[in-house]
2 protein chains.
Amino acid sequence: MTKNCNFIDKLREAGLRPTKQRVKICEILFNREKTFHFTINDLAKKISEDLNEKISLATVYNTVHAIQKKGYLKEIAINSDKSYFDTNTTAHHHFYDEDTHELIDCDQSNIDSINVKNNITGKKINSVEVLIKVASDNQNHN
Amino acid sequence: MTKNCNFIDKLREAGLRPTKQRVKICEILFNREKTFHFTINDLAKKISEDLNEKISLATVYNTVHAIQKKGYLKEIAINSDKSYFDTNTTAHHHFYDEDTHELIDCDQSNIDSINVKNNITGKKINSVEVLIKVASDNQNHN
DNA sequence: TTATACATTATAATTATTCTAAACTATTGA
DNA sequence: TCAATAGTTTAGAATAATTATAATGTATAA
Ligand SMILES: [Mn+2]
Ligand SMILES: [Mn+2]
Ligand SMILES: [Zn+2]
Ligand SMILES: [Zn+2]
């Protein structure tokens, strides 16, 4: 998923037409070693930095959502200001740095597996995820 | 915190002038047996139902944020559409019903205490909370 | 190659939230 | 008691993220 291969086939397999814009966005998102946590704004900024041509904001939204619906991106709820997306689509936990507003993956081995003893009746569990909010150690002591 | 007492003293203790609007909002929020999870919109709707007089939306926002800053309300990040607030300010986990968009407290005894083995260097942990997303058992099987 | 379905785009609309500034009210301390 | 003051409420404007619209452009199947 993070190899420098062509995304034309990948997109096609997902039933998404491999347009220039989609291929470029996939390159940015998936041609990397590490997980990428981003907001639409982060991505749009990265596009305009990396690219000579521009991609309209509507297309960035459309493409990210299309890729997400196919299961290649995960949306993470951190605050109500904006949506965060994650190229790591596996079930995993996060650190959220309240100083930098940065999301950091928390290795599964870092937290023992969570057992929910009693679930809501008639419902099935879709995900169980931990959010660890961290901040600088030297805070202002009023 | 959930007794039918006067909120005039409570607000005053918190350094908030006990205005008519604030007292009314506190009654709605805290004069109840169970935890209340709500969005600003939920609360505004409840106010207009319960009350003959109206409270402006700006005041609802102002008041909820003022109460939250004093530590009597907690903000919960569930999705990026809107903010959720919680009258239960203790550290606790949640179920989120993706069908009804309802937040439900998860009893601490329902999940064994979570131990984060390795924290981010130079940061302190402010909270560790679990979000369990649930949905109806009988989903559409395409 | 051509028709068609799908995608991109600029721009408008929507929604949650915050800001502004004027009118109002609770509190303080003469 | 009662102004002076500081804080509060309010309608409405502004902002910011996101979604909708509709015209134009492009990928693909036949
Ligand atoms: Mn927010
Ligand atoms: Mn949204
Ligand atoms: Zn992640
Ligand atoms: Zn709760």
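Throughout, a chain's letter reflects where its sequence line sits, starting with A, and its residues are numbered from 1.
The shortest heavy-atom contact between B/Y84 and B/H101 is OH-O, 3.2 Å. The shortest heavy-atom contact between B/T89 and B/G71 is CG2-O, 3.4 Å.
The number of heavy atoms from other shown groups lying within 6.0 Å of NZ (B/K117) is above 12.
Remark: A/R12 is in phosphate contact with D/dT28, judged by side-chain N or O atoms under 4.0 Å from OP1 or OP2. Between A/S83 and D/dT18 there is a side-chain polar atom (N or O) within less than 4.0 angstrom of OP1 or OP2.
Using modelled atom types and a 3.5 Å distance limit, the side chains of B/D86 and B/H94 yield a donor-acceptor pair.
A side-chain hydrogen bond (donor to acceptor under 3.5 Å, both in side chains) with A/T35 holds for exactly one of A/T87, A/T90, A/D105; it is A/D105.
Within residues 40-50 of chain B, no residue has a heavy atom under 4.0 Å from DNA chain D.
For the pair A/E75 CD and D/dA17 P, the computed distance is 15 Å after rounding to whole Å. Remark: P of C/dA16 and CG of A/N79 are 16 Å apart, rounded to the nearest angstrom. Distance NZ (B/K82) to C1' (C/dT14): 12 Å, rounded to an integer number of Å. We find that CD of A/E53 is positioned 14 Å from C1' of D/dG25, with the value rounded to whole Å. Taking atom CZ on A/F85 and atom P on D/dA17, their separation rounds to 13 Å, with Å as the unit. Atom pair A/Y84:OH and D/dT18:P shows a separation of 11 Å (rounding to whole Å applied). Separating the CG atom of A/D9 from the P atom of D/dA27 is a distance of 16 Å, rounded to the nearest angstrom. Between the P atom of C/dC19 and the OH atom of B/Y61 lies a distance of 12 Å, rounded to the nearest Å.
Ranked by how close their nearest DNA chain C nucleotide is to the 5' end, B/H65 and B/P18 are led by B/H65. Take the nearest nucleotide of DNA chain D for A/L16 and for B/L16: the residue whose nucleotide is more 5' is B/L16.
Note on ring orientation: taking the six-membered ring where Trp is involved, the planes of B/H37 and B/H92 are tilted (angle from 30° to 60°).
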Pairwise N/O distances under 3.5 Å, protein to nucleotides 8-12 of chain C:
residue: C/dT8; atom: OP1; partner: A/T19; partner atom: OG1; Å: 2.4
residue: C/dT8; atom: OP1; partner: A/Q21; partner atom: OE1; Å: 3.4
residue: C/dT8; atom: O3'; partner: A/Q21; partner atom: NE2; Å: 2.8
residue: C/dT9; atom: OP1; partner: A/Q21; partner atom: NE2; Å: 3.2
residue: C/dT9; atom: OP2; partner: A/S56; partner atom: N; Å: 3.1
residue: C/dT9; atom: OP2; partner: A/T59; partner atom: OG1; Å: 2.7

Next on the checklist: side-chain hydrogen bond (donor to acceptor under 3.5 Å, both in side chains) for A/N62 and A/T59? Distances and angles first, verdict last.
Outcome noted: CA-CA 5 Å; A/N62 288 342; A/T59 300; 5.1 Å; no
Next on the checklist: Test side-chain hydrogen bond (donor to acceptor under 3.5 Å, both in side chains) on B/T39 and B/N41; report intermediate values, then the result.
Outcome noted: CA-CA 5 Å; B/T39 65; B/N41 202 56; 5.3 Å; no
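Annotation: side chain of A/L73 is not in contact with side chain of A/F36 (no heavy-atom distance under 4.5 Å).
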